[in-house]
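Residues take their numbers from the sequence shown, with the count starting at 1. Just so you know, ligand 1 is whichever comes first in the structure, and atom 1 is the first atom listed for that ligand. Note: hydrogens, waters and symmetry copies are ignored here, and every other heavy atom, side chains too, is used.
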Amino acid sequence: MAEEEEEEEAVSSNKRYNPKEGFPLECAELVLPYLTPSELANVSMTCNSLREFAHSITLRRSSDASRTFENLPVPFLNAVDSHLYAHFLYTPSLLLPSSFFPRQPWGSSVISPSAPTQLRAESITLVDELGRASSGCDCEACAGSECPCLGLDGLDDVGRECGPGCRCGIECGNRSSRNGLAVRVKIVRDKRKGWGLHADQFIRKGEFVFEYAGELLTTKEAQRRHKYYDELALQGHFSSALLVVREHLPSGKACLRLNIDATRIGNVARFVNHSCDGGNLSTKLVRSLGALFPRLCFFASKDIQEDEELTFSYGEIRKRPIGLPCFCNSPSCFGTLPSEDT
Ligand SMILES: C[S@@+](CC[C@H](N)C(=O)[O-])C[C@H]1O[C@@H](n2cnc3c(N)ncnc32)[C@H](O)[C@@H]1O
């Protein structure tokens, strides 16, 4: 098609069109939000309009890491180097791993991202032979202190919440950890630790903060990825966010192991750095009644002031002879980050 014809067609279909650049900006609005940072940088070098457009996408990305999945925006702040944001896919809750994740748009003013498929087991409802919910409580709103679901005071090791097995609805007050990020946080760049998560408001001791969302892996897959991530980390700047949690069952003989990898796909919890003194967050496995898997939730283990970095202990064990350096700055700093055999 001749240039004039192209321009005419664009004008008649009401598209903004620059004949020198030959690329309707409506197409950019549809395509660019799906690009990775390096792809976006390449595209932005092709012409001024695309540079401006890519810049507006970058600004929107750095203003909300959660891609609008959380009720509160989570900005990136960097006063130490040129990184404007971290690129990863966002999931507000646990999901099963897949070798193929579709691209997830980010930074568009018109396309809302959709969450990758959530864990289906999370919506399994246990019923008795009459089809009634066989676990969970019968109460309407979990108001009474006798309600069997209650137990989420933030300071025990294991908590219980209402879930798909309960008769109360999603408005029930005992489902706080299912509503995503509960407090204002921001992601702040540090010269030595990379990104870290900071409070953007006062957080009361015992308050639920967020859950650790990512891919729920088999132990075999976790071991494979752990080895691979370790190799990458030793080669240079690579941050893995693979967390292994062990829950000892009441018999004392068995142990439930959860492997959650938030490296490729996760939520804000993937930015929490380690502190050798235990930090200001504690973790707890929370069981929602009727759901198959517990979720790993973070609670404030002390009062946390606005701007304070949120940290927790990655563990006590240091298996690696020469570990990665720890910069937690606490008086009890061990000097290296914890490392375990998986
Ligand atoms: C779960 S990520 C935390 C977010 C990470 N800082 C980032 O930029 O994405 C874990 C990685 O952060 C870094 N990290 C966490 N705590 C640290 C600490 N106390 N000192 C140095 N590096 C730390 C290490 O590279 C570690 O592998």
Checklist entry - Has the side chain of N267 got a donor or acceptor atom that lies under 3.5 Å from a matching backbone atom of E211? => result yes
Next on the checklist: Between S301 (side chain only) and N280 (backbone N and O only), is there a donor and an acceptor less than 3.5 Å apart?
Outcome noted: yes
Item to check | S108 vs E29, side chain to side chain donor-acceptor pair (under 3.5 Å): CA-CA, chis, key distance, verdict | outcome: CA-CA 7 Å; S108 167; E29 177 72 85; 3.1 Å; yes
Checklist entry - Out of F299, F298, F271, F312, which residue meets the ring pair (Phe, Tyr, Trp, His ring centres under 6.0 Å) rule with F210? => result F298
Polar pairs, ligand 1 vs protein, N/O only, below 3.5 Å.
from, atom 1, to, atom 2, distance (Å)
ligand 1, 6 (N), K193, O, 2.7
ligand 1, 6 (N), W195, O, 2.7
ligand 1, 6 (N), N273, OD1, 2.9
ligand 1, 8 (O), W195, N, 2.8
ligand 1, 12 (O), N273, OD1, 3.4
ligand 1, 16 (N), H274, N, 2.9
ligand 1, 19 (N), H274, O, 3.0
ligand 1, 20 (N), F327, N, 2.8

Next on the checklist: Set out, in order, the CA-CA distance, both residues' side-chain angles and the distance that settles salt bridge (charged side-chain N to carboxylate O under 4.0 Å, His left out) for K302 and E308, then state yes or no.
Outcome noted: CA-CA 12 Å; K302 45 182 89 161; E308 218 180 291; over 6 Å; no
Item to check | For the student: nearest non-hydrogen atoms of T311 and G279, plus distance | outcome: OG1-CA, 3.2 Å
